[in-house]
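Both counts, for ligands and for their atoms, begin at 1 and track the order of listing. Just so it is clear, the structure is predicted and the values come from calculations on it, not from any experiment.
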Amino acid sequence: MAFKERVFSGVQPTGNLHLGNYLGAITKFVALQDQYDCIYCVVDMHAITVWQDPAELMHATREVTAAYLACGIDPTKHIVFNQSQVAGHAELAWICNCVARLGWLNRMTQFKEKVGKDRENVSVGLYDYPALMAADILVYRATHVPVGEDQKQHVELTRDIATKFNNDFGASIAAHGYGDAFFPLPEPLIQGPATRVMSLRDGAKKMSKSDPSDYSRINLTDDADAIAQKVRKAKTDPEPLPSEEKGLETRPEADNLVGIYAALNNTSKATVLGEFGGAQFSTFKSALVDLSVAKLGPIGAEMKKLVKDPVYIDGILADGSERANAIAAETMKAVKDIVGFVRR
Ligand code: AQP
């Protein structure tokens, strides 16, 4: 069955939006606007799977919205909203819970990495995060999901849930006139030289909002001085840059910085090495500072301006939520019929 092409993705309002979120996700969101109908969500229900201070959660929700706008997402042509304003996410998550198998969730590496040895004390919500993410995508019957590499497994789980729903309820789906499949199998869109941006302090660790060291990441709201300091202090090795990509294979920190440069400059690692091969890190880092400040400076400034106007931001989220809800409510009506829930 052919599905209408639609993009869905989201970012958690958990503070410290960073270069990884920007290069791995938000730049992709912006680029896809020309080709698809896009729905971009601030996933505040995902955020509370770990404790969030309520006032900070509200601020962070507005800040992620400001980042979307400052990076160039058009909320009039597309949909920008926060998850908790559309009840369909939670409603469909329950159905996804009942379709997903425990063994599938037990395999999720992000959960294992996040909880470490503290498994008994984390929230049930954190464990169930991927089922809610499946609902986020499926409630819009989205076909494409731009994400960083770390979310690939969750999109694959979404495909498994969609497949099992389509199979389990196949007869009911056909009887209600939806053909042989109600949910599309969404494609993860993970491309380019910075799908997994690493910590500036440790080339083996993902750049992350929750890293205790602020020097591990470049935040979207960092000013030019902070960006320069962080790039200059970024861990490297004593060798000059190689001229070929192969030379980066055993040098994770160098590989990361070259990938960041390439992504910010919209080019490939090979092109960057063509220019900087043989150069010392001091030369390359100066160029990276200039490029980062040129690209991120205007975004940070616009974000700071936008968050000063919460009424404007809340208006964008309210309008987006209304339009998102119209789509989600249609899906939920159909899902209830398919599952066999009596409804008004
Ligand atoms: N380091 C990264 N490189 C590339 N993409 C990344 N993303 C996150 N980190 C990187 C992508 O950004 C989008 C939004 O992420 P999120 O906020 O929903 O969740 P996250 O992956 O848990 O982000 P963090 O920063 O890593 O938070 P913590 O510290 O809580 O673990 C997603 O598409 C993600 O792939």
Check this for me - ligand 1, [X], N or O atoms closer than 3.5 angstrom, yes or no?
X    : value
T14  : no
P146 : no
S208 : yes
G20  : yes

As an exercise, state the distance from OG1 of T143 to OH of Y36, rounded to the nearest 0.5 Å.
6.5 Å
If you measure from CD1 on I218 to CG on L288, what distance do you get to the nearest 0.5 Å?
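Going from CD1 on I218 over to CG on L288, the span is 6.5 Å.
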Distance filter under 4.0 Å to [X] heavy atoms, resulting ligand 1 atoms:
X    : value
S210 : 28 (P), 29 (O), 30 (O)
V147 : 33 (O)
G24  : 4 (C), 5 (N)

Between M198 and R196, is there a side-chain heavy-atom distance shorter than 4.5 Å?
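Yes. Closest side-chain heavy atoms under 4.5 Å.
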Indicate, as side chain, backbone, both or neither, the part of [X] found under 4.0 angstrom from ligand 1 when only non-hydrogen atoms are considered.
X    : result
T195 : backbone
K114 : side chain
M207 : both
V197 : both

Per [atom], closest listed option by heavy atom ([options]):
atom                    : options                : answer
atom 35 (O) of ligand 1 : D150, L189, V155       : D150
atom 26 (O) of ligand 1 : K152, Q151, K206, E149 : K206
atom 33 (O) of ligand 1 : G148, S9, C41          : G148

Indicate if V197 and V11 have the same hydrophobic cluster label, given that clusters are the connected sets of ILVMFWY residues with side-chain heavy-atom separations under 4.5 angstrom.
yes
Within one Ile-Leu-Val-Met-Phe-Trp-Tyr cluster: V80 and I299, side-chain cutoff 4.5 Å:
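V80 and I299: one cluster.
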What protein heavy atom is closest to [atom], reported as residue, atom name and distance in Å?
atom                    : value
atom 13 (C) of ligand 1 : A25 CB, 3.6 Å
atom 25 (O) of ligand 1 : H18 NE2, 2.7 Å
atom 8 (C) of ligand 1  : N21 ND2, 3.2 Å
atom 17 (O) of ligand 1 : K209 NZ, 2.1 Å
atom 19 (O) of ligand 1 : Q12 NE2, 3.2 Å

Under 3.5 Å, which donor-acceptor pairs link side chains of residues 1-8 to any protein atom two or more places apart or in another chain?
unit_1 : atom_1 : unit_2 : atom_2 : d
K4     : NZ     : D37    : OD2    : 2.5
R6     : NH1    : Y140   : O      : 2.8

Donor-acceptor pair, [X] side chain versus [Y] backbone, under 3.5 Å?
X    : Y    : answer
N21  : H18  : yes
H176 : Y178 : no
H78  : Y40  : no

Hey, does the Lys NZ or Arg CZ of K233 hover above the aromatic six-ring of Y215, less than 6.0 Å from the centre and inside 45° of the axis?
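Output yes; distance and angle both within limits.
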For the pair F284 and Y261, name the ring-plane relationship: parallel under 30°, tilted 30 to 60°, perpendicular over 60°.
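If you compare the ring of F284 with that of Y261, the planes turn out tilted.
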For residues 181-194, please give each side-chain donor-acceptor pair under 3.5 Å, one per line with the distance, not counting sequence neighbours.
none

